[in-house]
Amino acid sequence: MIIIGATSGIGASLAQQAIRKGYIVAGTGRRKERLISMKEELGENFCFRQMDVTDFQDSTEKLHSLIDEMGGMDIIVLNAGIANAPASSIVSMEQAIVDVNVKGFVQLFGEAFQYFRKTGKGHIVGISSIAGLFGSARNAPYAASKAYISTFMQAYRNRCYTSNIDITITDCKPGFVESEMTEGKKGMFWVADTEKAVKQMLIDIEKRKAYSYVTRRWRLIAWLIKLTPNWLLERV
Ligand SMILES: NC(=O)c1ccc[n+]([C@@H]2O[C@H](COP(=O)([O-])OP(=O)(O)OC[C@H]3O[C@@H](n4cnc5c(N)ncnc54)[C@H](OP(=O)(O)O)[C@@H]3O)[C@@H](O)[C@H]2O)c1
């Protein structure tokens, strides 16, 4: 299993839990010191590359070098994401979110898809969000970036189905989960323990589900959002 964005929060917990279950795991992230300490903790079944997903050439080369080191790839989890970024203006902050959550995602999704087409089968997991289900006033680029990747994955899933391609695509939509991203944020509810949310996510990955809501109760919120008319959603 290759986890893009494994240095903290959901990705780090997924790496730990997958190793405990016997997977060979590769993790990536920009923070090299975190990757080194994960290697010390997780041992020989963990390998890593320092990677910034906004550097497309470098991230592509590193993905392929991890695949070589692992002797192949069965599952890739595209987890890297940001909800905020230091920037000199609102516009550049919003561009930075799109660069990571959309452009970085599309690049590695495409590379993984081509790889799995060559090997004949595989599994791509993308971490979107309940936030992608509507345009929240709190964070427009974040909500829109998650909507983009959800629709993108749905379209690829349809393509696999209609063209008989044996690639599973799982769209994981977490609600609020404890992590560096949510640390200190106000106005959250049902904030899940990271370990618990990731445990459920890994079960859904192993079941090769098309959609995974973590924790489970967020499926109800997703359902309510879909049923709520826009005029009402826009007032919430
Ligand atoms: N926590 C929640 O409530 C929640 C809810 C819904 C969806 N999600 C999604 O879940 C995913 C994981 O988030 P988290 O909550 O676990 O937050 P987190 O602890 O901040 O983890 C984000 C991960 O993405 C990596 N990353 C960020 N920018 C990157 C870049 N330019 N290149 C490579 N890696 C990069 C980070 O690694 P480095 O900083 O080392 O690069 C880190 O490993 C995100 O996609 C997020 O949108 C989270």
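Source: prediction; values computed, not measured. Just follow the structure's listing: the first ligand is 1, and inside any ligand the first atom is 1.
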Query raised in the report: Is the shortest distance from a Lys or Arg side-chain nitrogen in K121 or D166 to a carboxylate oxygen in the other one below 4.0 Å?
Result: no
Requested in this report: Measure the distances from the heavy atoms of S128 to every atom of ligand 1 and state whether one is below 4.0 angstrom.
Outcome: yes
Report task. Determine, for Y211 and R157, whether the Lys NZ or Arg CZ falls below 6.0 Å from the six-membered ring centre while staying within 45 degrees of the axis. Result -> yes
Requested in this report: Using a strict cut-off of less than 4.0 Å between a Lys/Arg side-chain nitrogen and an Asp/Glu carboxylate oxygen, indicate whether K199 and E206 qualify as a salt bridge.
Outcome: no
Query raised in the report: G175 heavy atoms, cut-off 4.0 Å: which ligand 1 atoms fall inside?
Result: 2 (C), 3 (O), 4 (C), 5 (C), 6 (C)
Query raised in the report: Can you tell me if M51 has a non-hydrogen atom under 4.0 Å from ligand 1?
Result: yes
Report task. Please could you name the atoms of ligand 1 that T7 approaches to less than 4.0 Å, counting only its heavy atoms? Result -> 36 (C), 37 (O), 38 (P), 40 (O), 42 (C), 43 (O)
Query raised in the report: Does K39 use its side chain to pair, donor to acceptor, with the backbone of F46 at less than 3.5 Å?
Result: yes
**Report entry** Residue part near ligand 1, for V100, under 4.0 Å between non-hydrogen atoms
**Finding:** side chain
Query raised in the report: Any nitrogen or oxygen of T182, main chain or side chain, under 3.5 Å from a nitrogen or oxygen of ligand 1?
Result: no
Query raised in the report: Would Y148 and F105 count as a close aromatic pair, with their ring centres under 6.0 Å?
Result: no
Query - Distance (rounded to the nearest 0.5 Å) between Q107 CD and D55 CG - result: 9.5 Å
**Report entry** Closest approach of any protein heavy atom to atom 32 (N) of ligand 1, naming residue and atom
**Finding:** V53 N, 2.9 Å
Query raised in the report: Which residue holds the protein heavy atom closest to atom 20 (O) of ligand 1, what is that atom called, and what is the gap in Å?
Result: M181 N, 3.7 Å
Query raised in the report: So does R216 pair up with D204, basic N to acidic O under 4.0 Å?
Result: yes
Query raised in the report: N/O of V177 under 3.5 Å from N/O of ligand 1, yes or no?
Result: yes
Report summary line: ligand 1 atoms nearer than 4.0 angstrom to some heavy atom of I10 are 10 (O), 16 (O), 48 (C)
Query raised in the report: Mind checking whether G104 has a heavy atom under 4.0 Å from ligand 1?
Result: no
Query raised in the report: Nearest non-hydrogen atom to atom 39 (O) of ligand 1 belongs to which of R30, R34, E178?
Result: R30
**Report entry** Donor-acceptor contact below 3.5 Å, side chain D99 vs main chain T54
**Finding:** no
**Report entry** Check: S129 N/O within less than 3.5 Å of ligand 1 N/O
**Finding:** no
Query - F176 N/O under 3.5 Å from ligand 1 N/O - result: no
Requested in this report: Do me a favour and list the nearest non-hydrogen protein atom to atom 22 (C) of ligand 1 with residue, atom name and distance?
Outcome: G81 O, 3.7 Å
Query raised in the report: So which heavy atom in the protein is nearest atom 31 (N) of ligand 1, and how far is it from that ligand atom?
Result: D52 OD1, 2.9 Å
Report summary line: Honestly, for A83 the part within reach of ligand 1 (heavy atoms, under 4.0 Å) is neither
Report task. Indicate yes or no: does an N/O atom of N79 lie under 3.5 Å from an N/O atom of ligand 1? Result -> yes
Requested in this report: Could you check I75, I67, L108, V77 and say which one makes a side chain to side chain contact (heavy atoms under 4.5 Å, CB included) with I2?
Outcome: I67
Requested in this report: For G9, counting its heavy atoms only, list the atoms of ligand 1 lying under 4.0 Å from any of them.
Outcome: 16 (O), 19 (O)
Query raised in the report: Quick one: which of S179, G29, A15, S59 has a heavy atom closest to atom 17 (O) of ligand 1?
Result: S179
**Report entry** Proximity of I82 to ligand 1 by residue part, where a heavy atom lies under 4.0 Å
**Finding:** side chain
Report summary line: Between F113 and C160, the two heavy atoms sitting closest are CE1-SG, 3.6 Å
Query raised in the report: For atom 18 (P) of ligand 1, what's the nearest protein heavy atom and its distance?
Result: S8 OG, 3.5 Å
Query - Nearest protein heavy atom with distance in Å, relative to atom 25 (C) of ligand 1 - result: G5 CA, 3.8 Å
Report task. For the pair K173 and S150, evaluate side-chain hydrogen bond (donor to acceptor under 3.5 Å, both in side chains) and give the outcome as yes or no after the intermediate values. Result -> CA-CA 9 Å; K173 296 172 185 289; S150 275; 3.0 Å; yes
Query raised in the report: Taking 4.0 angstrom as the limit, do E180 and R34 come out as a salt bridge?
Result: yes
Query raised in the report: Quick one: are the ring centres of Y213 and W190 less than 6.0 Å apart?
Result: no
Query raised in the report: Would you find more than 12 non-hydrogen atoms of other residues, nucleotides or ligands less than 6.0 Å from K185 atom NZ?
Result: yes
Report task. Ignoring hydrogens and angles, tell me if any N or O in the side chain of S13 forms a donor-acceptor pair with the backbone of I10 under 3.5 Å. Result -> no
Requested in this report: Give yes if a backbone or side-chain nitrogen or oxygen of K146 is under 3.5 Å from a nitrogen or oxygen of ligand 1, and no if not.
Outcome: yes
Query raised in the report: Is there a donor-acceptor contact under 3.5 Å linking the side chains of T7 and R30?
Result: no
Report summary line: For atom 10 (O) of ligand 1, the closest protein heavy atom turns out to be I127 CG2, 3.4 Å
Query raised in the report: With respect to atom 24 (O) of ligand 1, which of S145, G132, P174, A80 exhibits the smallest heavy-atom separation?
Result: A80
Report task. Determine whether the side chain, the backbone, both or neither of A12 has a heavy atom under 4.0 Å from any heavy atom of ligand 1. Result -> neither
**Report entry** Atoms of ligand 1 close to Y142 [distance to a heavy atom under 4.0 angstrom, numbered from 1]
**Finding:** 6 (C), 7 (C), 8 (N), 9 (C), 46 (C), 47 (O)
